[in-house]
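First up is the structure itself, then whatever we jot down about it.
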Amino acid sequence: MRRITFQEALNEALMQEMERDSNVFVYGLDVTDHKRIFGSTKGLVERFGSERCFITPLSEDAMTGMGLGAAVNGLRPVHIHQRVDFLVLAMNQLLNMVSNYRYLSGGKVKVPMVIRAVVGRGWGQSAQHSKSLHSIFAHIPGLKVVLPTTPRDAKGLLISSIRDDNPVIFIEHRWLYFTSGEVPREPKPTPLEQGNILNTGEDITVVATSWMNVEALKAAEVLEKHGVSVEVVDPRTIAPLNDDLIIRSVKKTGHCIVADNDWVHCGFSGEIAARVAEKCFNELKSPVKRIGFAHAPCPTTRPLENKFYPNAIDIIRAVEEKLKLEPIDLSNEEFYSWENRFRGPF
Amino acid sequence: MRRITFQEALNEALMQEMERDSNVFVYGLDVTDHKRIFGSTKGLVERFGSERCFITPLSEDAMTGMGLGAAVNGLRPVHIHQRVDFLVLAMNQLLNMVSNYRYLSGGKVKVPMVIRAVVGRGWGQSAQHSKSLHSIFAHIPGLKVVLPTTPRDAKGLLISSIRDDNPVIFIEHRWLYFTSGEVPREPKPTPLEQGNILNTGEDITVVATSWMNVEALKAAEVLEKHGVSVEVVDPRTIAPLNDDLIIRSVKKTGHCIVADNDWVHCGFSGEIAARVAEKCFNELKSPVKRIGFAHAPCPTTRPLENKFYPNAIDIIRAVEEKLKLEPIDLSNEEFYSWENRFRGPF
Amino acid sequence: MKNSFFGVTKMDRTRLNIELYKKEYLIRKSEETIRKYYMDDEMKTPVHLSVGEEAIVSGVIQAMGKRDQVFGTYRNHGIYLAKTGETDKFFAELYGKKDGMGKGKAGSMHMFLPEENFMGSSAIVATVIPVAVGAAFANKYKKNKNLVFVFFGDGALEEGVFWESLNFACLKKLPIVFICEDNGLAIHAHIKDRQAFKSITDIVSKFGCNVFKSESTDAEVIYNLTVEAVKKQRRVNKPSFLHLKYYRYLEHVGVNQDFQYGYRSEEEFKKWFKVDPLKIQRRKLLKLGLIEKEIKELEKAIDEQVEKSVEFAKKSPFPGEEELLSDVYA
Amino acid sequence: MKNSFFGVTKMDRTRLNIELYKKEYLIRKSEETIRKYYMDDEMKTPVHLSVGEEAIVSGVIQAMGKRDQVFGTYRNHGIYLAKTGETDKFFAELYGKKDGMGKGKAGSMHMFLPEENFMGSSAIVATVIPVAVGAAFANKYKKNKNLVFVFFGDGALEEGVFWESLNFACLKKLPIVFICEDNGLAIHAHIKDRQAFKSITDIVSKFGCNVFKSESTDAEVIYNLTVEAVKKQRRVNKPSFLHLKYYRYLEHVGVNQDFQYGYRSEEEFKKWFKVDPLKIQRRKLLKLGLIEKEIKELEKAIDEQVEKSVEFAKKSPFPGEEELLSDVYA
Ligand SMILES: Cc1ncc(C[n+]2csc(CCOP(=O)(O)OP(=O)(O)O)c2C)c(N)n1
Ligand SMILES: Cc1ncc(C[n+]2csc(CCOP(=O)(O)OP(=O)(O)O)c2C)c(N)n1
Ligand SMILES: [Mg+2]
Ligand SMILES: [Mg+2]
């Protein structure tokens, strides 16, 4: 099958969905400029015109409410943010309005809206451009929260999110934009609320979100060479969360590590750890280990930033600890990093 | 010792701290009207004047930033919200500014500010006046999050929060306002970051937040009569979380229930469950059970509202399940509810 | 024989004023009914009554087209009643019953009825404004000519999202009518302690909004103003902003008067009560030639409707337990 | 012998203009130095350069009292340099080093130096405005007469919090000067595609703010305007709002020109470059009687300062690992 990048996959999903349904429109800061949200909105304004793809004032709160009103009136807005950090300006709409509008109408209205937001490490982003708020959104009933990892899922999950009749927060890691993989040409939805096994393994389960799946796969690759078989499970949709695959996997392996692209305290990693500890109570051979950001605002300088973000090595070390292995010599392993490809925009 | 209500305790703390330190000031919607935030700001404007106790425009976002600026300039603001739901309008200031201002200054500035916010069931509050966002605040490094349960703690923790050089989100359950207990007359701080054992027990640990402690104590009282001894642990400060007492308790009892005054998914209950499952891996005799709000926006109508909120009975049933007891006949127990005392304001 | 008044025949005008009075009376009657039964503690939902603002709501809504849409705040009873005319679902919702328009989940503060184009109301100040703007955006997108009307209080002007919404609506020239119902109070806080500006219309006009204002409690005046606004809006293709003053008769939330607390005076109330919307309108109907009996009859019809709805509401069952978790997702 | 200009002696005026030029030159030189070294990829922090806005920052800050406080956005290099005059901590921060004013944690976008009364800068548009208002509140509370100056871009006017902050500052008559640096762009978006209003000063004045505006690139003009604003502010006890236009020479973030992307024309740049702040100011110094050599000398002193600071920054160590978790809490 044809290979394209994550970024192209997002772009193709938007293109095809806008083609299919004239109620779909795309808006947000920067969606029509020459950078086109890391290329993901390329060609849209040219093809569909400025009524269906347009920039807005710097008014995240109102623009979120605007999307809600449009959705209630039958449109399917896709609102895009260069950084998830800008969504905290819209928290009132998200938590007080978007999430419960349908409920309060007694089920009479639908709220089909997608909010795409970019997360992830850049290049000295510092504290205000580095958050990953997925657990916060996931905490609120009524919102769906989706984090694609593969290019195939970027396309398939975005299509599903646009077609879904509920508000979906769709979180994209900027480093994933450069990854490539097989993606069907036709608009094939990936069902929401289903996890995905990215690597099959027997010895230990790593549940990872977003970019952390790439780190987990790298860890699995390294560990494989040393005879350790790691199962990597990507929940993809974290709210509502279908934990079937995760639970099944941990029942099989008996060990679980959660590598979340976020802070640990009161985050999604705690939810997974709690569920696994409860549902695999008899099978767990060791406590669930959580890996996430350091408990600090994200610092700018590279050495501290490197310590702030967890990576494949942290996962490898955690696996060794769980399975009581000798530390593997990693000096010959190449751990990639794409941070240098990012110098802005944010 | 003298007994006063939770509401009086809060009031006394403010009064004494404003007396002690002229940099402390109190502001927010409704703080000077005749209702005085359920009485907790009584007498302040009369005693300290309208420069140190004043109402504001309806501008939660700016008023939070205002507090930050005042704190950085040496004052000690206490900002009050009738409902925590109004704080979501200030999320940008809280998550992007207040929480990391000190960090980004390289430790040069201090941010001594307190944000008091009322939570809890009222009386048909519905979805926009019923949230408990403590896990969201707790997720963000740099914020402290405090939930007092007893009148003594209401006073002591508020004093500590005002004297603390960090931003503190101070969350008060409206039903607690009516509870009374022994409270020292002098301004005696209760240290932050220490849990509190509200009831000593041997058979099972219930970790509860805010009002849920009252429910847990009621459950403990009922269970006591049937020979079950329940330890109730109130973490009080949930960020940064000192889990010593909790871990020690579960190591002793071998069973743990978390009764959180919030939704379950990706919430504080998951954090406790994850920690307990990890740190008491060998001692736990049954999986940690989490009790919280139903996973829905809060409905208005009483029968559904009654189902939405967990209570002492849910805790009792959970204990029975854990300890494999026959269901206790509760028909002669009186389970109080103070909801009728609340008809507004919100 | 024509007796022209804004180019309307006397017949038309009489009919119009009857309609306005019926709306006003339905609101007043419903609110009084709530006041009557509230202490039974069966309507377990905080209420923000519309008593005093009947002229505004009735006048504006009378000027709306059938397919125009409306949004409101928690102070939404007037809007609901004027727009839908129905009281069964209304009271059932207040009683928390299955037959409420929100199956009891919405309560007083979140009433809306999409099938009658009442598209939403919110209890967080100003939050419904951008949503209304989005609905207007959709109408323009779909080129369906429907207008959106959004009601909010003077307090909403202090929330940032009001300004963001205003800017976007004006920038995109959206088919929306902003209606600020200014009672000079946010709960108990006076406007002068909250707002640095004197005239909101002066400011709003600089965003490119057509502005209109009135302190009238005569629903017909409000109606005519709204008709004028809509005409101008359709002509020059700009949003409208109506700044309308009124007096809140009762406490902010709840069913009682609250002059005893001293934050406002009963004198002020008495002044406004002299020009009570219903008094004015009733007198006008007599002047327009209706006889007392005719008015009494239409009042009685409404009284009966409301009493029947209360009975209906009381008898309606509560929603089943399964409703707690339904409608969270579509 | 007096040569009066706003009542200032020629001597004073010369000194003033030297000061202004030094500020401008320090900014330009520092930014050019960043441009020179940026591609070495050692300054790993996104930069939003102040090239083009030197007159505004220098003029305004020259008019500030020593104890007056300032706040800014991510486009804060100019403010930092004009206010503090120091470059060691500045470059060390850009290089992510321990000796940076934020120990490398802040980076370009969050520079501030409380000991020099630069009290904060933020990379989330408009978020620093209410914080500045709070600082002004504290100054008034403490009756210390210090003013707060807050810089922000034209984009900030679209965020609700700007309006909330403005309203509160005016309501409380706080000692604050709002400075909108209007370059007509938010990243690549033109102001006309974002704002429905034509004149922000017209609107702001209705909140009870003293308003001032200028399109000058002459730092002295900006200085005088600011002095006038401050005088009036102290006299009538109202906040000030300065609306100042300029042209951003480089891309929004980064060190390059970006005319090739077509969202703006090089022609426009050329027009503005004719009145480049440094050109104007240098010419003026010559007119005021300085000789080329004197100017060269002061330029050289700054050149040396900057080069030395870069050396210092490069040599400074990175912060230790323990810094990751320190300063999270006090
Ligand atoms: C964002 C927010 N802040 C505070 C409140 C509490 N509150 C409820 S109603 C109200 C007053 C609103 O006044 P106004 O907008 O004038 O409407 P009115 O009640 O006068 O109709 C306030 C402050 C709220 N609901 N939402
Ligand atoms: C709340 C928020 N939304 C979006 C962004 C992304 N962003 C960064 S700078 C910028 C443009 C700001 O323009 P302006 O305020 O005019 O400042 P300038 O860069 O022109 O100095 C935007 C949209 C942000 N940082 N914060
Ligand atoms: Mg009002
Ligand atoms: Mg700009």
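So you know, we letter chains A, B, ... as the sequences are listed, proteins then strands, and number each from 1.
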*With a 4.5 angstrom heavy-atom cut-off, could you sort out which part of D:Leu113 is near chain B: side chain, backbone, both or neither?*
side chain

*Polar side-chain atom of B:Asp164 near backbone of B:Ser161 as donor-acceptor pair, under 3.5 Å*: no

*Which region of B:Gln93, side chain (C-beta onward) or backbone (N, CA, C, O), has a non-hydrogen atom less than 4.5 Å from a non-hydrogen atom of chain D, or is it both or neither?*
side chain

*With ring-ring contact (aromatic ring centres under 6.0 Å, His included) as the test, would you mind laying out the steps for B:Phe25 and B:Tyr27 before giving the verdict?*
CA-CA 7 Å; B:Phe25 70 99; B:Tyr27 70 111; 5.4 Å; yes

*Below 4.5 Å from any heavy atom of chain B, which atoms of D:Glu323 appear? Answer side chain, backbone, both or neither.*
backbone

*Look at the side chain of B:Ser59 and the backbone N and O of D:Glu164, then say whether any donor-acceptor pair between them is shorter than 3.5 Å.*
no

*Are the ring centres of D:Phe178 and D:Phe151 closer than 6.0 Å?*
no

*Check each atom of B:Ser22 against the heavy atoms of chain D and say whether the ones under 4.5 Å are side chain, backbone, both or neither.*
backbone

*Taking the six-membered ring for Trp and the full ring for Phe, Tyr or His, determine whether the centres of D:His110 and D:Tyr74 are under 6.0 Å apart.*
no

*What residue in B:Thr56, B:Asn100, B:Asn92, B:Leu89 has the most heavy-atom pairs under 4.5 Å with chain D?*
B:Asn92

*Quick check: does any side chain N or O of B:Asn11 sit under 3.5 Å from a backbone N or O of B:Ser40, one acting as donor and the other as acceptor?*
yes

*What part of D:Tyr141 gets closer than 4.5 Å to chain B, counting heavy atoms only: side chain, backbone, both or neither?*
side chain

*Are there more than 12 heavy atoms of other residues, nucleotides or ligands under 6.0 Å from atom NZ of B:Lys42?*
no

*Between chain B and each of D:Lys103, D:Met111, D:Lys140, count heavy-atom pairs under 4.5 Å; write down the option with the most.*
D:Lys103

*asked:* Given heavy-atom pairs under 4.5 angstrom as the criterion, report whether the side chain, backbone, both or neither of B:Asp61 touches chain D.
replied: both

*Side chain, backbone, both or neither of B:Phe54 within contact of chain D (heavy atoms, under 4.5 Å)*: side chain

_Top contributor to chain D contacts, counting heavy-atom pairs under 4.5 Å, from B:Gly74, B:Gly67, B:Pro240_ = B:Pro240

_Proximity breakdown for D:Leu324 and chain B, heavy-atom pairs closer than 4.5 Å_ = both

_Pick from B:Ala71, B:Pro112, B:Gly69, B:Pro141 with the largest number of heavy-atom pairs that fall under 4.5 Å of chain D_ = B:Gly69

*Among the listed options D:Asn167, D:Leu171, D:Val161, the residue most often paired with chain B at heavy-atom distances under 4.5 Å*: D:Val161

*Segment of D:Phe71 engaging chain B (4.5 angstrom heavy-atom cut-off)*: side chain

*Within 45° of the axis and under 6.0 Å from the centre of the six-membered ring of D:Phe318, does NZ or CZ of D:Lys98 qualify?*
no

*asked:* Quick check against the 3.5 Å criterion: does B:Glu46 have a side-chain atom that pairs as donor or acceptor with the backbone of B:Gly49?
replied: no

